[in-house]
Amino acid sequence: MRDTFNFSAGPAVLPEEVLRQVAEEMLDWHGSRQSVMEMSHRGKEYMSIHAQAEADLRELLGIPAGYKVLFLQGGATTQFAMVPANLLRGRKSIDFVHTGEWSKKAIKEAKLFATANIAASGEDRKFTYVPARADWRLDPQAAYVHICANETIGGVEFDWTPDTGDVPLVADVSSSFLSRPIDVARHGLIYGGAQKNIGPAGLTIVIVRDDLLGQANPGTPTMLDYKAHADADSMLNTPPTFAVYVAGLVFQWLKRQGGIAGIEKRNIEKSQLLYKLLDSSGFYSNPVDPASRSRMNVPFTLPDAALDEPFLAGAKAAGMVQLKGHRSVGGMRASIYNAMPIEGVQRLVEYMREFERTHG
Ligand SMILES: *Cc1c(COP(=O)(O)O)cnc(C)c1O
């Protein structure tokens, strides 16, 4: 096992097994005498990698017929514009549930296209919770309802799928993709960048219901039209081939971990280790409502910001990196995605106890 655990929020830790396989196959993929990076995306080798990755993703998430899987580029940030460009379907407004920084960015971009109605917001309590469904004011005329399933910066996560009736539900799952089951059939569209929980940066995955395709706003560029990508099996232009290949290996790794159910069990175990320590300590704190706590991103603060630097330096010396919190929040953030081994969380918890004992 590597001797350093990486708690980065993204690009983030990948399974060591996968990285080793990538290294082994780097110069000669399966006897092709080419690196995947060097292959034509239209050749039979790459086409088989692409098709297998999609098949494995469909199997893992149980994606039903009637949904397309698109392998795109541009990050989740491009989806902030691409979703409204495609899903307005002549309607004038979008309902947003505002749960923090990433919701805010999605809202800002959507305003280029339509009225963004804040159906519910966690702002009254500094974005430390997911507003209850009973408190949402949804508009039945809205084009869709947008949620951020896991706020990567604030560490606030939905652990339920909201019912939005006939209005399609759209979810940004960038930082919780494949960490827990998701009922795809209750969504109109799901999107996320790969670099948090799936693979290298450069790949963005979109899962979209067929009936929502083909109604892009007039003037939408071809590259921003889901239908054009769907019709071309995500080969409208050169796809991010190497990122798709690595993501495909991660999907196979996930299957070996018992699929989504297996990895979810471990994610629960890992996050509980950390939250249990935070809750039992008078030294560290996490402001998030226990019912809305993220299993993937755990922000916490020390009693005095002057302790941040010594904490980080000690963590680094003990083989733990990238624990510094987001600049907008301060303090620390431990991102414990699928590929973070439980040993990493155990080491962190031990270190935190020791740091509290010597600095508390
Ligand atoms: C990281 C992140 C984004 C932005 O992703 P990019 O791929 O960098 O555009 C959007 N939403 C969430 C929830 C994220 O964690």
Side-chain angles (χ1 to χ4, degrees), residues 6-14 70-85 94 96-112 116 121-122 127-130 144-159 161-162 169-180 182 187 189-208 223-224 229 234 239-240 242-244 246-247 250 267 271 288 292-299 322 324-329 333-340:
N6 180 351
F7 293 88
S8 169
V13 59
L14 284 168
L70 306 177
F71 292 149
L72 307 178
Q73 306 193 45
T77 304
T78 299
Q79 295 308 310
F80 295 164
M82 201 161 165
V83 175
I94 304 160
F96 280 90
V97 177
H98 189 351
T99 47
E101 288 292 320
W102 288 112
S103 297
K104 187 165 131 196
K105 292 203 159 91
I107 291 163
K108 179 160 181 262
E109 196 69 3
K111 284 181 176 166
L112 296 170
S121 169
F127 298 114
T128 53
Y129 73 108
V130 174
Y144 57 90
V145 180
H146 182 282
I147 63 169
C148 178
N150 181 57
E151 287 281 358
T152 320
I153 295 172
V156 170
E157 183 172 8
F158 276 81
D159 74 345
T161 304
L169 175 65
V170 172
D172 174 359
V173 298
S174 294
S175 49
S176 53
F177 228 164
L178 305 181
S179 69
R180 56 162 73 222
I182 181 164
H187 296 74
L189 188 146
I190 296 164
Y191 68 89
Q195 72 275 18
K196 312 275 165 63
N197 219 3
I198 291 184
L203 168 66
T204 309
I205 299 178
V206 173
I207 301 167
V208 56
M223 272 300 283
L224 297 184
H229 288 282
S234 302
F242 192 74
V244 170
V246 180
V250 171
N267 288 333
S271 56
V288 181
S292 306
R293 282 171 166 177
S294 170
R295 290 179 189 162
M296 296 286 102
N297 311 99
V298 184
Q322 306 225 48
K324 194 176 164 70
H326 190 270
R327 58 190 184 278
S328 67
V329 181
R333 172 174 49 171
S335 294
I336 49 175
Y337 295 119
N338 286 348
M340 171 61 67

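Order of appearance sets the numbers: ligands from 1, and atoms from 1 within every ligand. All heavy atoms count here, side chains included; hydrogens, waters and symmetry mates do not. Keep in mind it's a predicted model, so treat the numbers as computed, not measured.
- Every atom of ligand 1 is numbered from 1 in the order shown, and the set under 4.0 Å from a heavy atom of G75 is 7 (O), 9 (O).
- The nearest heavy-atom contact from the protein to atom 2 (C) of ligand 1 is K196 NZ, 2.5 Å.
- Ranking the protein heavy atoms by distance from atom 15 (O) of ligand 1 puts T152 OG1, 2.4 Å first.
- Of all atoms in ligand 1, listed by their number and element, those nearer than 4.0 Å to a heavy atom of C148 are 13 (C).
- Considering only non-hydrogen protein atoms, atom 7 (O) of ligand 1 sits nearest to Q195 NE2, 2.9 Å.
- Under the 3.5 Å distance criterion, the side-chain polar atoms of N338 are matched with a main-chain donor or acceptor of L178.
- Although no hydrogens or angles enter the test, the distance criterion places a donor-acceptor pair under 3.5 Å between the side chain of R333 and the main chain of T152.
- The ligand atoms of ligand 1 that sit less than 4.0 angstrom from a heavy atom of F80 are 10 (C).
- With sequence neighbours left out, Q73 forms a side-chain contact (heavy atoms from CB on, under 4.5 Å) with P240.
- In this structure, the protein non-hydrogen atom closest to atom 9 (O) of ligand 1 is T77 OG1, 2.5 Å.
- When only modelled atom types and interatomic distance are considered, Y337 and N297 share a side-chain donor-acceptor pair under 3.5 Å.
- The main-chain N or O of G154 is never found under 3.5 Å from a side-chain atom of E101 such that the two would form a donor-acceptor pair.
- Each of S179, S176, S174, S175 was evaluated against N150; a single residue qualifies, S175, per the side-chain hydrogen bond (donor to acceptor under 3.5 Å, both in side chains) test.
- The shortest separation from a heavy atom of G10 to ligand 1 is not under 4.0 Å, leaving the residue out of contact.
- The protein non-hydrogen atom at the shortest distance from atom 5 (O) of ligand 1 is A76 CB, 3.5 Å.
- Contact analysis leaves T204 out of contact with ligand 1, as no non-hydrogen atom separation drops below 4.0 angstrom.
- Side chain of E109 to backbone of F80: no donor-acceptor contact under 3.5 angstrom is found.
- Q79 CD to L189 CG: the interatomic distance, rounded to the nearest 0.5 Å, is 7.0 Å.
- Less than 4.0 angstrom separates some heavy atom of N150 from each of these atoms of ligand 1: 13 (C).
- At a heavy-atom distance under 4.0 Å, no atom of A201 approaches ligand 1.
- S271 contributes no side-chain N or O that, together with a main-chain N or O of R295, makes up a donor-acceptor pair within less than 3.5 Å.
- For atom 11 (N) of ligand 1, the closest heavy atom belonging to the protein is D172 OD2, 2.6 Å.
- Contacts between Y191 and ligand 1, counted as non-hydrogen atom pairs separated by less than 4.0 Å, are absent for every part of the residue.
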